[in-house]
Protein chains: 2
Amino acid sequence: MLSNSRLVHQPHDHRRCISAALTRARDLCAEENLRLTPTRESVLRLLWQSHRPLGAYQLQDQLAKISGKPIAPPTIYRAVEFLLKTGLIHRIASLNAYIGCPFPNSDHSNLFMICTDCGSAAEVAHSSINKLLQSTCEKANFTLQDQSLEIFGLCPNCSLQQQENGGISSADKDHE
Amino acid sequence: MLSNSRLVHQPHDHRRCISAALTRARDLCAEENLRLTPTRESVLRLLWQSHRPLGAYQLQDQLAKISGKPIAPPTIYRAVEFLLKTGLIHRIASLNAYIGCPFPNSDHSNLFMICTDCGSAAEVAHSSINKLLQSTCEKANFTLQDQSLEIFGLCPNCSLQQQENGGISSADKDHE
DNA sequence: GAGGTTAAGTTATAACATAACATAAGCAAA
DNA sequence: TTTGCTTATGTTATGTTATAACTTAACCTC
């Protein structure tokens with residue numbers, strides 16, 4: 001099982017997440033002869049600023065702020081499209097939002113564990129779940145092509161806090 | 001395993017699906033003292049016209065056609081909200097669309113098998129998948145609240161047809 | 001039938017996404 | 001080094017999905 005859940009839900013040196021993601025992205029693009037342009041890199045970096053998925057228009061606002069000039073939606077959607085295609089990010093359908101992929105090289109089908117309190121999302125590549133899905137499909141004569149698995153609940157941190165203090169939100173924290 | 005996959009993907013007497021769904025809805029609303037108003041019933045009926053999920057604005061068009069007067073989006077969204085809350089329909093997040101629930105009484109977490117060719121969607125309540133997800137969450141100290149599992153591929157019918165004639169779409173059929 | 005509650009109508013707008021066309025940047029071969 | 005091809009970005013407009021806010025009507029109970 002490949003997962004970044006431990007990392008996402010604990011305090012950690014988040015600068016390492018960002019720089020590791022950028023390194024992976026540069027390597028991957030170099031290998032495949034793809035252009036990681038400034039816009040694309042900025043969007044990727046923004047998506048790694050936290051472990052929370054960001055929507056296209058949040059990205060737009062933030063990129064506009066960084067670059068000091070207005071950014072139009074197509075700019076964002078193009079960068080997002082590129083990053084999705086290359087596997088550097090994922091789309092979370094139920095949130096209309098995007099998040100950096102922690103293991104873009106591995107060929108994986110994903111499961112996201114999304115915290116309804118702090119908003120953080122961890123990615124899990126769980127081979128027994130995938131196998132079970134595959135066999136379920138086979139039994140139904142359904143030819144599996146793609147999957148979108150998103151589960152909602154409380155991350156370890158927020159679970160603990162709810163138990164301790166009876167449910168005060170920690171939406172302002174994301175355990176960077 | 002509870003599933004309507006066999007039914008969805010085979011030719012069948014679809015009038016029975018519709019009338020069964022309406023009976024279930026009426027019973028459930030009677031039991032829980034909820035009002036299945038004409039608008040709500042119309043929307044539910046529309047969602048049972050086929051086994052394909054419909055978007056809010058498709059519902060709007062069709063309801064306008066049926067009722068002979070313009071329908072505003074909030075009307076649709078309110079009906080949808082009611083039907084979702086009572087468990088009579090589900091939302092398919094990755095399609096921004098809605099579909100009737102074939103077993104609204106059973107307390108179930110769902111998996112949808114959505115055909116990328118004909119658009120039909122079957123619902124599967126698979127206890128071993130749910131157990132595996134639950135145990136995966138427990139191991140990660142993640143408190144599961146809700147899930148959105150949507151898998152894409154070719155339904156049995158479309159699989160067969162692709163094998164037979166090399167990939168001619170059957171998007172116009174949905175095996176009612 | 002007065003008054004509370006729930007549902008529906010109406011208008012406007014927010015939030016998410018793409019089409020279509022124009023311009024510019026990167027790059028390879030003449 | 002410029003010509004021409006390809007890829008990326010800018011720009012404007014619009015399509016699609018969803019909700020806010022306020023008004024009116026239906027229903028239900030006393």
Side-chain angles (χ1 to χ4, degrees), chain A residues 25-26 28-30 32-47 52-64 66-86 88-99 119 148 150, chain B residues 25-26 28-30 32-47 52-64 66-86 88-99 119 148 150:
Chain A
R26 289 190 193 114
L28 196 149
C29 289
E32 315 221 346
N33 224 347
L34 298 169
R35 286 161 61 191
L36 190 64
T37 63
T39 307
R40 293 166 176 177
E41 185 171 319
S42 297
V43 168
L44 183 61
R45 189 189 295 272
L46 284 170
L47 287 176
R52 281 189 280 221
L54 291 183
Y57 286 74
Q58 289 175 286
L59 289 169
Q60 181 190 24
D61 287 348
Q62 297 193 21
L63 187 54
I66 289 171
S67 64
K69 62 176 181 185
I71 301 292
T75 301
I76 300 299
Y77 281 102
R78 283 167 184 152
V80 161
E81 186 186 20
F82 171 85
L83 296 168
L84 283 172
K85 209 176 51 193
T86 56
L88 290 165
I89 66 171
H90 294 289
R91 179 168 199 272
I92 312 274
S94 52
L95 301 177
N96 296 323
Y98 307 89
I99 193 166
S148 160
E150 298 162 12
Chain B
R26 289 188 192 115
L28 196 151
C29 288
E32 314 221 346
N33 224 346
L34 298 170
R35 287 161 61 191
L36 190 65
T37 62
T39 307
R40 293 167 177 175
E41 185 172 319
S42 298
V43 169
L44 183 61
R45 188 188 296 272
L46 283 170
L47 287 177
R52 280 188 281 222
L54 291 183
Y57 286 75
Q58 289 174 286
L59 289 168
Q60 181 190 25
D61 287 349
Q62 298 194 20
L63 187 55
I66 290 172
S67 65
K69 61 176 180 183
I71 302 291
T75 301
I76 300 299
Y77 281 102
R78 283 167 185 150
V80 161
E81 185 186 20
F82 171 85
L83 296 168
L84 284 171
K85 209 176 51 192
T86 57
L88 290 165
I89 66 171
H90 294 289
R91 179 168 199 271
I92 312 273
S94 50
L95 300 177
N96 296 322
Y98 308 89
I99 193 166
S148 161
E150 298 162 12

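Values in this document were obtained by computation on a predicted structure and should not be read as measured data. The sequence lines fix the lettering, A, B, ..., with proteins before strands; numbering per chain opens at 1.
The nearest whole Å value for the distance from the CG atom in A:L59 to the P atom in C:dA15 is 15 Å. Atom CD1 of B:I76 and atom C1' of D:dT17 are 13 Å apart (whole Å). Straight-line distance from the CG atom of A:L34 to the P atom of D:dT6: 17 Å, rounded to whole Å. What separates OH of B:Y57 from C1' of C:dA15 is a distance of 11 Å, to the nearest Å. Summarising the geometry, the separation between CG on B:L54 and P on D:dT16 is reported as 16 Å, rounded to the nearest angstrom. If you take NZ of A:K69 and P of D:dT9, they are 10 Å apart, rounded to a whole angstrom. Summarising the geometry, the separation between CD on B:E81 and C1' on D:dT17 is reported as 15 Å, rounded to the nearest angstrom. For the pair A:N33 CG and D:dT6 P, the computed distance is 16 Å after rounding to whole Å.
Minimum atom distance to the side chain of B:R78 is reached by C:dT10, of the listed C:dT10, C:dC16, D:dA18. In this structure, the nucleotide among D:dT11, C:dC16, D:dC22 sitting nearest to the side chain of A:A72 is D:dT11. For B:P74, the side-chain atoms get nearest to D:dA20 when compared with the rest of D:dT7, C:dC16, D:dA20.
By the 4.0 Å N-to-carboxylate-O rule, B:E41 lies close enough to B:R45 to be salt-bridged with it.
In this structure, B:R35 and B:P73 both approach DNA chain D, and ranking their closest nucleotides by distance from the 5' end singles out B:P73.
Counting heavy atoms from C-beta outward, B:L28 and B:L36 have side chains that stay 4.5 Å or more apart. Using a 4.5 Å heavy-atom threshold, the side chains of A:Y98 and A:V43 count as separate. At a threshold of 4.5 Å between non-hydrogen side-chain atoms, the residues B:Q60 and B:P73 count as touching. Between B:L54 and B:Q62 the shortest side-chain heavy-atom distance falls below 4.5 Å. Within the 4.5 Å cutoff, the side chain of A:I99 has no heavy atoms near those of the A:R91 side chain.
Contact between the side-chain N/O atoms of A:T39 and the OP1/OP2 oxygens of D:dT9 is found at a separation under 4.0 Å. Under 4.0 angstrom from either OP1 or OP2 of D:dT16 there lies no side-chain N or O belonging to B:N96. Under 4.0 angstrom from either OP1 or OP2 of C:dA7 there lies at least one side-chain N or O belonging to B:R40. At C:dA17, one or more side-chain N or O atoms of A:Y98 fall inside 4.0 Å of OP1 or OP2 (strictly under the cut-off). In this structure, A:T37 reaches the D:dT9 phosphate: one of its side-chain N or O atoms is under 4.0 Å from OP1 or OP2. Phosphate contact (OP1/OP2 of C:dG9, side-chain N/O of B:T75, threshold under 4.0 Å): present.
Applying the side-chain contact (heavy atoms from CB on, under 4.5 Å) test between B:V80 and each of B:L47, B:L44, B:T75, B:L59 identifies B:L59 as the sole match.
The bend of the helix from C:dG1-D:dC30 to C:dA30-D:dT1, defined by the angle between the axes of its first five and last five pairs, stands at 10° to the nearest 10°.
Side-chain atoms of A:Y77 and base atoms of C:dA19 include no donor and acceptor less than 3.5 Å apart.
The structure places CG of A:L83 at 5.5 Å from CG of A:L88, a figure rounded to the nearest 0.5 Å.
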